**Student:** 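Take a look at this one; I'll ask things after.
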Number of protein chains: 2
Amino acid sequence: MGTPPVETIAGRDTYRHGDLSRALVEAGLELARAGGPNAVALRAATRRAGVSPSAAYRHFADRGELLEAVCSASQARVALAIEDEQALIPDTTDALALARLRFRAVGTGYLHFALAEPGLFQSAFTASTDLESATSAARAGASGRTPFELLTDALDGLVAVGGLSAERRPGAEFLAWSAVHGLAMLLIDGPLRALGRDRAETLIHRVVTMVEQGL
Amino acid sequence: MGTPPVETIAGRDTYRHGDLSRALVEAGLELARAGGPNAVALRAATRRAGVSPSAAYRHFADRGELLEAVCSASQARVALAIEDEQALIPDTTDALALARLRFRAVGTGYLHFALAEPGLFQSAFTASTDLESATSAARAGASGRTPFELLTDALDGLVAVGGLSAERRPGAEFLAWSAVHGLAMLLIDGPLRALGRDRAETLIHRVVTMVEQGL
DNA sequence: GCGGTAATGTTGACGTCGTACACATTGACC
DNA sequence: GGTCAATGTGTACGACGTCAACATTACCGC
C-alpha cells in the first residue's frame, strides 16, 4: 500500500534523467547567455537540470569539459547567425558583387551576434579552442559549417570570381578574423562597451570595409 | 620576561604591513602572469603578502577592485612595451617613414607583449574597462601615455605628415585597435594558440600592413 | 522470466573561493 | 599620555569544483 513516490526527485519521476548530457549543456548555455563563460558553473547547471552536482561527472570529466561543450554549442549559434545574414543577400547576377556581399555578411553576422548575445559570444571564443576543433561538426550551423569554415568559404568564393588574388589568399582568413574578432571584443568587453547602437553599426561597416580593402 | 614576539606573523615583524595595497597588486600581477585574470584571487594575493584574507578589504572594496588595479598595472606594462618598440626605430630624416614606423611599432609592440606575457595581456584588456579609464594615468607607461593614447598619437603623427588623410582620421584608432587586438586574442587564447613563433611573426606583419593599407 | 553487470544518479565530505562582522593592535594627533 | 581612526586578525557562511562510497535501474544473456 502507500502511494508510490511520484516526483520525489524534483522535476523528474524516474531515477534516471534520460538526457542529462544535453540538459546540462542547455543549462550551461543559459548561464553563459546571462553571465559569460565564467558563469558556467557545474553546480548551477546540475541544479537547473534537477540533478545532484556529482551527476555531471558521469557525462563530463570536469567543469572544463562542460564549458567546452557549451563553447561548441555557442559557436554553432554564431554559424547560424552568419548563415542568416547571408540569406538576406538579394539575388544578383553579378558574381563578384555576390561574393563580396557573402564575405561581408560573414563579418556583419559575426558582429551582430556578438552584440545581440554577448555572453554566448564570449563563451564561444574565449574558452580556449584550437584550429582543429574550430572545424568540428559540433560547432557547425545549419549548413554543417563552422564560423571559421564559413569565412574560408567566403574567401574562396572571392578568389573564384577574381575578387581576391590567389597570391593574397593564404592566411587571409586570419587577417579578416582578427579584425572582426577584435572589434567584437572591444564592443562587448572593452572600451567600446558603452557605444550606442548606431555608432557600433558604423564601426562594423568600416572595419569590414577596411578588411576588404586591406586584404 | 620572555622574548618579544619577533616574526610572529609570517614574514613581518610589525602588526602593520606598511604598503599592503601595493603588495597586493604585485601579488595579483604574479597571479595574472601565471594564470590570467581568473587566477587573480583575493585570498591567494593576501597569502603571498603574508596577511589575512580580510585585510585586503581595507584597500579594495572587493575582488573586482583588486582585479581592476591589476588590470591598470598590466596596461601600464603594455604601454612600456610599445614605447620600447618605438625606441628601436632608427633615426631618419624622412618624416613620413618615421611616422609610419612609429605607427607600426604600436601594433607590433602590443602584439609582442601579448605573446611574451599572455596572462598579463589578458588581464590588461579582458577585465572590463571603458573609454575614460583607458586614458587614466594608472595605465600609462614611462611617457605618461596609455596604450590607447600611444595609438592615437601615432595616428595623429601620420595625419601631420600626410600619411593619412584627415577625413579618414576619425575613428581610425578603433579600426587599428580592432585588428591588432583581435589577432592578439586569436594568438593567445584562440585557435591560433599553437602557431609557431615564425608564423605568428608573419601574421603580425601582415595584419599591421593590412591596417596601414585599409585605413 | 531472471539474475548479474554496467550505466547512471545520490550522499557526504574536503579544500578553495569571496565576503561580512566582531575584535585586536597601533600610529598619530590633541 | 590618552583617544581615535586606520589597519590587520579570527571566525563564519554560502557557493564552487571534485572525489569516494553507495543506491538505483536498464539492459543482456540465460
Side-chain angles (χ1 to χ4, degrees), chain A residues 2 4-28 30-32 34-71 123 127-128, chain B residues 2 4-28 30-32 34-71 123 127-128:
Chain A
V6 177
E7 300 269 343
T8 46
I9 307 172
R12 204 174 4 139
D13 53 346
T14 58
Y15 185 82
R16 302 298 177 92
H17 179 284
D19 200 1
L20 184 53
S21 194
R22 182 178 313 277
L24 288 176
V25 172
E26 268 160 30
E30 288 178 44
L31 294 167
N38 284 337
V40 179
L42 245 174
R43 290 183 104 106
T46 55
R47 216 177 299 131
R48 285 180 185 240
V51 120
S52 74
S54 317
Y57 288 87
R58 302 296 176 191
H59 302 274
F60 302 96
D62 55 10
R63 175 190 177 253
E65 232 176 55
L66 171 60
L67 216 178
E68 202 180 310
V70 172
C71 156
S123 307
S128 43
Chain B
V6 177
E7 301 268 344
T8 47
I9 308 172
R12 204 171 10 135
D13 52 347
T14 59
Y15 185 81
R16 303 299 177 92
H17 179 283
D19 200 1
L20 184 52
S21 194
R22 183 180 311 279
L24 288 176
V25 172
E26 267 162 29
E30 289 178 44
L31 294 167
N38 284 336
V40 180
L42 243 173
R43 292 184 102 107
T46 55
R47 217 176 297 130
R48 284 179 187 240
V51 120
S52 75
S54 318
Y57 288 87
R58 301 296 176 190
H59 303 271
F60 301 95
D62 54 12
R63 175 193 177 252
E65 231 176 57
L66 171 60
L67 216 178
E68 201 178 311
V70 172
C71 157
S123 306
S128 43

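All values derive from a computational prediction rather than experimental measurement.
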**Student:** What's the shortest heavy-atom distance between Leu24(B) and Ala49(B), and which atoms?
**Tutor:**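 What the structure gives for the nearest pair is CD2-CB, 4.1 Å.
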**Student:** Considering residues at least two apart in sequence or located in another chain, which fulfil the side-chain contact (heavy atoms from CB on, under 4.5 Å) criterion with Ala27(A)?
**Tutor:**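 Per chain and number, Ala27(A) pairs via side-chain contact (heavy atoms from CB on, under 4.5 Å) with Ala45(A), Arg48(A).
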**Student:** Where along residues 20-27 of chain A does a heavy atom come under 4.0 Å from DNA chain D, residue by residue in number order?
**Tutor:**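 Per residue number, the list is empty: none.
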**Student:** Atom pairs under 3.5 Å, N or O on each side, protein against nucleotides 20-24 of chain D: can you list them with distances?
**Tutor:**
unit_1	atom_1	unit_2	atom_2	d
dA23(D)	N3	Tyr15(A)	OH	3.1

**Student:** Give, for atom CG of Asn38(B) and atom CG of Leu67(B), the distance between the pair rounded to the nearest 0.5 Å.
**Tutor:**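 These two atoms lie 8.5 Å from each other.
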**Student:** Output all residues satisfying side-chain hydrogen bond (donor to acceptor under 3.5 Å, both in side chains) with Arg22(B), sequence neighbours left out; order by chain, then residue number.
**Tutor:**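 Expected list: Asp19(B).
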**Student:** Quick one: Glu65(B) CD to dT19(C) C1', roughly how many Å, whole number?
**Tutor:**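 One finds 14 Å between C1' of dT19(C) and CD of Glu65(B), rounded.
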**Student:** For Phe60(A) and dC19(D), give me the distance from atom CZ to atom P, rounded to whole Å.
**Tutor:**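 Phe60(A) atom CZ is separated from dC19(D) atom P by 16 Å.
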**Student:** Using a 3.5 Å cut-off and no angle test, enumerate the donor-acceptor pairs between side-chain atoms of residues 51-64 of chain B and protein atoms at least two apart in sequence or in another chain.
**Tutor:**
unit_1	atom_1	unit_2	atom_2	d
Asp62(B)	OD1	Gly64(B)	N	3.3
Asp62(B)	OD1	Glu65(B)	N	3.1
Arg63(B)	NE	Val40(B)	O	2.9
Arg63(B)	NH2	Pro37(B)	O	3.2
Arg63(B)	NH2	Val40(B)	O	3.2

**Student:** Quickly work out the Asn38(A) CG to dC17(C) P distance and round it to whole Å.
**Tutor:**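 My rounded result for the distance is 16 Å.
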**Student:** Produce the list of close N/O pairs, under 3.5 Å, pairing protein atoms with atoms of nucleotides 13-17 of chain D; give distances to one decimal.
**Tutor:**
unit_1	atom_1	unit_2	atom_2	d
dC16(D)	OP1	Arg47(A)	NH2	3.4
dC16(D)	OP2	Arg47(A)	NH2	2.1
dG17(D)	OP1	Leu42(A)	N	2.7
dG17(D)	OP2	Leu42(A)	N	3.0
dG17(D)	OP2	Arg43(A)	N	2.8
dG17(D)	N7	Arg43(A)	NH1	2.5
dG17(D)	O6	Arg43(A)	NH1	2.8

**Student:** Toss me the dot-bracket line for DNA chain C: Watson-Crick and G-U wobble, both under 3.5 Å, 5' to 3', using | for pairs to another strand and [ ] for crossers.
**Tutor:** ||||||||||||||||||||||||||||||
**Student:** Ignoring hydrogens, what is the shortest heavy-atom contact between Leu31(A) and Ala39(A)? Give both atom names and the distance.
**Tutor:**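 Result for this residue pair: CB-O, 3.6 Å.
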**Student:** To the nearest 0.5 angstrom, please state how far the SG atom of Cys71(B) sits from the CG atom of Leu66(B).
**Tutor:**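 Rounded to the nearest 0.5 Å, the SG-CG separation comes out at 11.0 Å.
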**Student:** Between dT9(D) atom P and His59(B) atom NE2, what is the distance in whole Å?
**Tutor:**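 Rounded to whole Å, this separation is 10 Å.
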